[in-house]
Amino acid sequence: MLRLPKFRYHEPRTIAEAVRLRADAGPDCSYVAGGTDLYPNMKRRQQTPATVISLHRIPELREIRGTPETGYTLGACVTLTAIAENPELRKMYPAVSHAAAVISTPLLRNMGTIGGNLLLDTRCNYYDQTFEWRKAIDFCMKRDGEICWVAPSSPRCWAVQSSDGVPVAVVLNAEVTLVGPNGERRIPAAALYRNDGIQFLTKAPEELLVAYHLPPAAGWRAVYRKLRRRESFDFPVLGVAAMVSTDTDGTVRAARVVLGAVASYPQDVPEASTILVGNRLDETTIGAVADAAYRPAKPMDNTDFTLSWRKEMVRVHVQRALMDLRISS
Ligand SMILES: Cc1cc2nc3c(=O)[nH]c(=O)nc-3n(C[C@H](O)[C@H](O)[C@H](O)COP(=O)(O)OP(=O)(O)OC[C@H]3O[C@@H](n4cnc5c(N)ncnc54)[C@H](O)[C@@H]3O)c2cc1C
Ligand code: SF4
């Protein structure tokens, strides 16, 4: 049985108290929300914070506020189940509720939060293993070792951004509010991520993610498609989030396609907008976007399935995502 290491545990009642405790504890400290990512990682000694600050007693972080006209603000500790089952979100933001609904299992969705999902650690077959397993290969660059076993001559880690919520947040141009010792800032969700398996977040470790802001619901449609081995539960080996806004005659005014699980960050397909804007979602334009997404997608050999098949699936699933949007228009 894998056991948690010993750690100090705090349960602040306010955001200010949480941030103060985090600053006082120094670098060897983590926030925890649902704990469905952090605690397994601690059991495998991938993360070993001496102090853990729980967010579950801060009521403000569990609120859902807003309307379809103004957009919604979800507190960082709103659970995935609450998002998946909220009638308004299901109706007005189906991509958001669908992405939450296909994460892990019902029990984990009852515990797991949207904040934890947006900040999920990157994943790799050589890293998501027990301490003994990792020790047997002399560890790797992401924790305790020197080398990357996926690309041994590489100076960087290629662990994969594997959250289902992240590509959707980016494709919708959603925003997040962060609170740290130096105050509060609101940034686009896309600005949270960087293409590095170790330093995959731009946020400072002390900063608390307090809110996730969805834009007003009118004028656009979005979908999320997830590819995984088992439909019952599994991390994505590919996630495709696509968004379009169209005129009444079906001409595309704005579009965005974002890929998950093919890189250490949510990967934009910049050509999607160039190809689609001014055109309709017909087979030719959809095929051109699928080709544009296929070319730069470079999955590494550190998750399930073969590389070449996962790359090929980028084309297939981008095509299917855009077909979904065509059908729903
Ligand atoms: C078996 C299994 C299957 C899973 N399948 C999937 C899947 O298919 N798709 C998927 O996306 N995820 C999956 N997960 C991962 C996880 O359950 C979800 O991503 C979940 O949403 C994480 O939220 P949490 O609240 O439990 O995060 P936690 O474990 O509490 O936190 C995750 C990280 O975020 C930090 N953190 C959490 N909240 C905040 C905050 N408000 N401010 C600052 N830092 C914070 C923590 O310090 C930690 O580093 C799976 C997990 C397991 C164990
Ligand atoms: S990509 Fe390389 S460095 Fe990163 S976790 Fe995997 S083996 Fe380790």
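Quantities reported herein were computed from a predicted structural model and do not represent experimental measurements. Below, each value reflects all heavy atoms present in this structure, side chains not excepted, and no hydrogens, waters or symmetry copies.
- To the nearest 0.5 Å, the span separating CZ on Arg280 from CD1 on Ile286 amounts to 13.0 Å.
- Under a cut-off of 6.0 angstrom, the local environment of CZ in Arg3 is sparse, with at most 12 non-hydrogen atoms contributed by other residues, nucleotides or ligands.
- The line from OH of Tyr126 to CE of Met141 is 13.5 Å long, rounded to the nearest 0.5 Å.
- Taking 4.5 Å as the limit, every side-chain heavy atom of Met111 sits out of range of all side-chain heavy atoms of Thr79.
- With salt bridges taken as basic N to acidic carboxylate O contacts below 4.0 Å, none links Asp234 and Arg229.
- Ile137 approaches Trp149 most closely through the heavy-atom pair O-CZ2, 2.9 Å.
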Between Asn195 and Arg156, is a side-chain contact (heavy atoms from CB on, under 4.5 Å) present by the stated rule, with each step listed?
-> CA-CA 10 Å; Asn195 192 10; Arg156 59 160 283 196; 3.4 Å; yes
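- Applying the 6.0 Å contact sphere to CD of Glu283 captures no more than 12 heavy atoms from other residues, nucleotides or ligands.
- Taking 4.5 Å as the limit, every side-chain heavy atom of Asp37 sits out of range of all side-chain heavy atoms of Leu119.
- Val160 places none of its side-chain heavy atoms less than 4.5 Å from the side chain of Thr122.
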Given the rule in the side-chain contact (heavy atoms from CB on, under 4.5 Å) test, do Leu55 and Leu208 qualify, once you have shown the distances and angles that lead to the verdict?
-> CA-CA 10 Å; Leu55 305 173; Leu208 179 66; 3.5 Å; yes
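- Using modelled atom types, no side-chain atom of Arg22 and backbone atom of Glu207 make a donor-acceptor pair closer than 3.5 Å.
- Every ring pair (Phe, Tyr, Trp, His ring centres under 6.0 Å) that Tyr72 has, sequence neighbours left out, goes to Tyr93.
- Between Ile53 atom CD1 and Glu17 atom CD the span is 9.5 Å, to the nearest 0.5 Å.
- Enclosure of atom CZ in Arg90 is not indicated, since only 12 or fewer non-hydrogen atoms of other residues, nucleotides or ligands lie within 6.0 angstrom.
- Geometrically, Arg123 does not engage Tyr127 in a cation-pi contact defined by less than 6.0 Å to the ring centre and at most 45° from the axis.
- Remark: Leu120 CG to Leu38 CG distance equals 11.0 Å, nearest 0.5 Å.
- Salt bridge absent: Arg295 and Glu271 never bring a charged side-chain N and a carboxylate O closer than 4.0 Å.
- Counting all heavy atoms, side chain and backbone alike, Phe7 lies closest to Pro49 at CB-O, 3.5 Å.
- Put simply, CG on Leu209 and CD1 on Ile114 are 9.0 Å apart, with the number rounded to the nearest 0.5 Å.
- Under a 4.0 Å N-O distance rule, the pair Asp121/Lys142 qualifies as a salt bridge.
- With sequence neighbours left out, Tyr294 forms a ring pair (Phe, Tyr, Trp, His ring centres under 6.0 Å) with no residue at all.
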Determine, step by step, whether Thr70 and Arg65 satisfy the side-chain contact (heavy atoms from CB on, under 4.5 Å) criterion, reporting the C-alpha distance in whole Å, the side-chain angles of both residues, the deciding distance to 0.1 Å, and the verdict.
-> CA-CA 10 Å; Thr70 59; Arg65 285 180 280 115; over 6 Å; no
Full working for side chain to side chain donor-acceptor pair (under 3.5 Å) between Thr177 and His213 | CA-CA 8 Å; Thr177 296; His213 308 281; 2.6 Å; yes
CA sep, side-chain torsions, deciding dist, call: Leu108, Ile103, side-chain contact (heavy atoms from CB on, under 4.5 Å) = CA-CA 8 Å; Leu108 289 164; Ile103 291 170; over 6 Å; no
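- Counting heavy atoms from C-beta on, the side chains of Val258 and Tyr265 never come closer than 4.5 Å.
- Atom CD in Glu11 sits 11.5 Å away from atom CG in Leu21 (nearest 0.5 Å).
- Ionic pairing of Asp24 and Arg20 is present here: one or more N-O contacts between side-chain nitrogen and carboxylate oxygen are shorter than 4.0 angstrom.
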